[in-house]
Structure formats: C-alpha cells, structure tokens
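To keep things clear, I will list the structure first and then write my remarks on it.
Start at 1 with the first residue, then count along the sequence. Small disclaimer: the values here were computed from a predicted structure and weren't measured.
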Amino acid sequence: MQRFIPAIFGPQKIDAGRAPTDWTGILFAALLSAAIIFPLVVVATWAFTEVWRYPNVIPQQFGLRFWNQTLSRADVWSALTLSLQLSTVVTLLSAAICLPAAYAFARMDFPGRTILFFSFLAGHAFPKFGLLIAIAAIFLQLNLIGTFWGVVLIQLVGTLLFMIWIPVAAFQSVDRRMEEAARDVGAGPFRVFWSVTLPQAGPTIAAAVLLSFVGTFYETEGAWLIGAPGIRTMPVLMISFINNQMVIQFGAVLSVMLWVPSFIALLFARRVIGGGAFARGFGA
C-alpha cells in the first residue's frame with residue numbers, strides 16, 4: 001500500500017509497508033566486521049609475504065619460503081601432535097565424566113541439584129588466571145607441573161561448561177512421549193536411551209563435544225602455566241616465537257595453521273545448527 005504525504009517540495013510517495021533503513025546499525029555492523037576481519041587479513045598476508053617494508057602498503061614480495069621454513073621445524077610438528085593428543089584425551093575424558101552427569105541433571109531430582117548445577121559456572125565467574133595460579137600451587141605439591149596429565153586436568157576444567165550445560169539442554173528437549181511409547185512396547189532402559197533418547201539429543205551433544213575439542217586445542221593459559229617447560233602446545237609455541245622476537249612470518253604461519261581446525265569445526269557445527277538441533281536443545 002502506498003500513500004502520499006505533504007513535504008516542502010510537494011507530495012512524496014513512500015511505501016507504507018517498508019521499514020526505514022537503519023543506517024546506524026549498518027554502520028556499526030560494518031565497523032565491527034572491519035575490526036574483526038582486518039587483523040585476520042593482515043596476519044594471513046604476512047604468512048605469504050617474504051618482503052614487506054614500511055611505508056609500503058602492499059608487500060613487495062610474496063612467496064612460500066617461510067611456510068617451508070616453519071613446516072621444516074621439528075618443534076612445530078611436535079607441538080601440533082601434542083595439541084591434538086591433549087584435545088582428544090581431554091574431550092574423551094570430559095564426555096565420559098560430564099555426559100552421565102548432564103543426564104542426571106536433566107532427568108533426576110536430588111538434594112542440592114540446582115546449586116551443584118550452577119557451580120559449574122564458578123570457574124568462569126572469576127578471573128581465570130588467578131584461579132590457575134591457585135591450581136598451579138596445588139599441582140606443584142602433586143608434581144603435576146610440566147606433565148602431560150597436569151595439562152589434561154587443567155584443561156578438563158575448561159570443558160565443564162560446554163559438556164554440562166549444553167547436553168543438559170539436549171536431554172531436556174527429548175520428547176518424553178516417544179520414550180514412554182518405547183517402554184510400553186517392551187524396550188528396556190538401555191534400548192530406549194540408544195534408540196530414542198540419543199538420536200534426538202545426539203546432534204546437540206556432538207556440537208558440545210566439538211566446542212570442547214576446539215576450545216581445548218586453543219587453550220593457552222593453562223597449558224603455558226601448568227605445562228611449562230616440558231609441554232609446548234601450538235598456541236604456547238606461537239607465544240614463544242613472539243616472545244623471542246623471531247621472524248614475524250613464523251608466527252603468522254602458525255596462526256593460519258591454527259585457523260584450519262576452527263574452520264573445519266565451524267563447517268561441521270553449521271550442519272548441526274542449520275538442522276535446528278542446537279536451537280531445540282536450548283529451547284527446553
């Protein structure tokens with residue numbers, strides 16, 4: 001529907017069904033996007049740059065020389081292997097510990113349930129580095145500083161939020177009527193869980209597992225504070241390159257290598273979120 005309104009220069013025709021353009025929101029979104037994307041573009045450019053001197057805006061020479069030098073370093077492959085091992089072990093342990101607890105929180109009523117459930121937020125409610133210092137003092141007495149399992153334990157704490165809260169929402173969103181129907185026809189508890197509960201909650205749980213794996217892979221503070229000097233993950237190695245004032249391209253190449261797991265994880269998560277399973281889990 002269209003209508004005419006008076007104006008200084010005569011009648012103007014406007015579309016009554018079209019909302020006015022929010023230029024402030026567009027400008028804010030553009031500035032935010034630039035603030036996020038620009039540093040990524042600069043780092044990616046440095047990774048493929050051989051010569052880039054001030055005041056030139058564009059690099060004078062591109063090439064893969066620093067990729068060859070970085071990938072030929074034994075400490076890079078050692079750090080990458082260690083990061084993958086830590087992420088796998090931490091994620092599996094977290095799933096084994098937290099998923100049964102999440103099911104209990106979602107389906108059972110017991111004393112202190114609410115307090116215990118919200119206590120998993122405690123590690124994220126205070127400055128993380130201060131908490132790590134306190135834990136490091138305990139680990140020092142237990143001879144866990146500089147060990148693989150010491151880093152596993154400290155990184156396990158960081159997965160609790162993902163592996164408790166998200167699966168709880170997933171289990172709460174399961175259609176109870178389908179479970180009751182399966183029990184009515186004689187299915188046992190394990191069969192009901194495997195055939196009815198898990199297929200509905202599975203995609204959301206997979207997203208939680210994925211977030212835990214990626215978060216562990218990129219975890220830096222705990223791996224640096226608890227693991228030093230014997231444990232050097234990829235993020236810790238990149239920090240050491242920066243602190244030692246090595247060639248800037250080494251750090252840029254490592255940054256691009258660290259982006260690859262995130263990109264693969266986001267592709268997988270997009271399928272889960274696009275299917276609506278993630279939203280159904282939080283909609284409980």
Side-chain angles (χ1 to χ4, degrees), residues 23-88 90-91 127-129 132 146 151 154-155 158 210-271 273:
W23 292 108
T24 302
I26 294 175
L27 178 61
F28 178 77
L31 292 175
L32 182 61
S33 300
I36 296 173
I37 296 175
F38 181 74
L40 301 179
V41 172
V42 172
V43 172
T45 303
W46 268 114
F48 297 94
T49 296
E50 294 186 1
V51 179
W52 192 1
R53 297 188 181 92
Y54 179 84
N56 294 282
V57 178
I58 300 176
Q60 289 91 346
Q61 182 178 344
F62 290 96
L64 299 176
R65 177 164 59 94
F66 290 100
W67 278 87
N68 295 330
Q69 293 181 9
T70 303
L71 295 179
S72 64
R73 296 176 62 100
D75 54 354
V76 171
W77 290 106
S78 176
L80 177 60
T81 302
L82 182 60
S83 293
L84 292 174
Q85 290 176 346
L86 278 169
S87 299
T88 302
V90 170
T91 303
K128 184 179 179 180
F129 199 77
L132 292 177
V151 177
I154 198 64
Q155 291 185 335
L210 182 64
L211 290 172
S212 298
F213 182 88
V214 174
T216 302
F217 187 86
Y218 290 107
E219 201 279 328
T220 305
E221 294 177 344
W224 173 72
L225 186 63
I226 304 298
I231 303 299
R232 299 178 71 186
T233 61
M234 280 284 283
V236 173
L237 180 63
M238 187 169 63
I239 290 176
S240 68
F241 281 1
I242 297 172
N243 290 339
N244 294 331
Q245 296 181 352
M246 299 187 69
V247 180
I248 189 173
Q249 283 89 337
F250 286 168
V253 170
L254 287 183
S255 297
V256 174
M257 291 177 63
L258 287 172
W259 292 344
V260 174
S262 288
F263 180 73
I264 297 174
L266 287 174
L267 289 179
F268 178 80
R270 182 180 180 275
R271 297 183 61 183
I273 297 173

In Å and rounded to the nearest 0.5 Å, what is the [atom1] to [atom2] distance from [X] to [Y]?
| X | Y | atom1 | atom2 | result |
| --- | --- | --- | --- | --- |
| Leu31 | Ile36 | CG | CD1 | 11.0 Å |
| Trp224 | Ile231 | CH2 | CD1 | 15.5 Å |
| Leu211 | Thr91 | CG | OG1 | 10.5 Å |
| Ser255 | Phe250 | OG | CZ | 13.5 Å |

Does any pair with a residue in residues 74-86 pass salt bridge (charged side-chain N to carboxylate O under 4.0 Å, His left out), and if so which ones, sequence neighbours excluded?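 Passing the test, one end in residues 74-86: Arg73-Asp75.
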
Just wondering, do Met238 and Thr220 contact through their side chains at under 4.5 Å, heavy atoms?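 No, every pair of side-chain atoms sits at 4.5 Å or beyond.
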
Apply side-chain contact (heavy atoms from CB on, under 4.5 Å) to [X] and list each qualifying residue two or more places apart in sequence or on a separate chain.
| X | result |
| --- | --- |
| Val90 | Val152, Gln155, Leu156, Thr159, Thr216 |
| Ser78 | none |
| Ile26 | Thr21, Trp23 |

Checking Leu132 against Ile226 for the side-chain contact (heavy atoms from CB on, under 4.5 Å) test, could you report, in this order, the C-alpha distance in whole Å, the side-chain angles of both residues, the deciding distance, and whether it holds? CA-CA 8 Å; Leu132 292 177; Ile226 304 298; 5.5 Å; no

Any donor-acceptor N/O pair, Gln249 side chain to Gly251 backbone, under 3.5 Å: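 It does not hold such a pair.
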
Would you say the side-chain atoms of Glu221 pair up with the backbone N or O of Leu225, donor to acceptor, closer than 3.5 Å?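 Flag not set: sc Glu221 to bb Leu225 has no pair under 3.5 Å.
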
Residues 80-87, side-chain donor-acceptor partners within the protein, below 3.5 Å, at least two apart:
unit_1, atom_1, unit_2, atom_2, d
Thr81, OG1, Trp77, O, 2.9
Ser83, OG, Ala79, O, 3.0
Ser83, OG, Met234, N, 2.9
Ser87, OG, Ser83, O, 2.9
Ser87, OG, Phe217, N, 3.2

Within a reach of under 6.0 Å around CZ of Phe62, are more than 12 heavy atoms found that belong to other residues, nucleotides or ligands?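 Yes.
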
For residues 43-51, run the donor-acceptor check on the side chains, cut-off 3.5 Å, and write out each pair with its distance to 0.1 Å, sequence neighbours left out.
unit_1, atom_1, unit_2, atom_2, d
Thr45, OG1, Val41, O, 2.7
Thr49, OG1, Thr45, O, 2.5
Glu50, OE1, Gln61, NE2, 2.7
Glu50, OE2, Arg65, N, 3.3

What is the minimum heavy-atom distance between Val76 and Leu237, and which atoms define it?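 Smallest interatomic distance, heavy atoms only, reads CA-CD2, 3.7 Å.
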
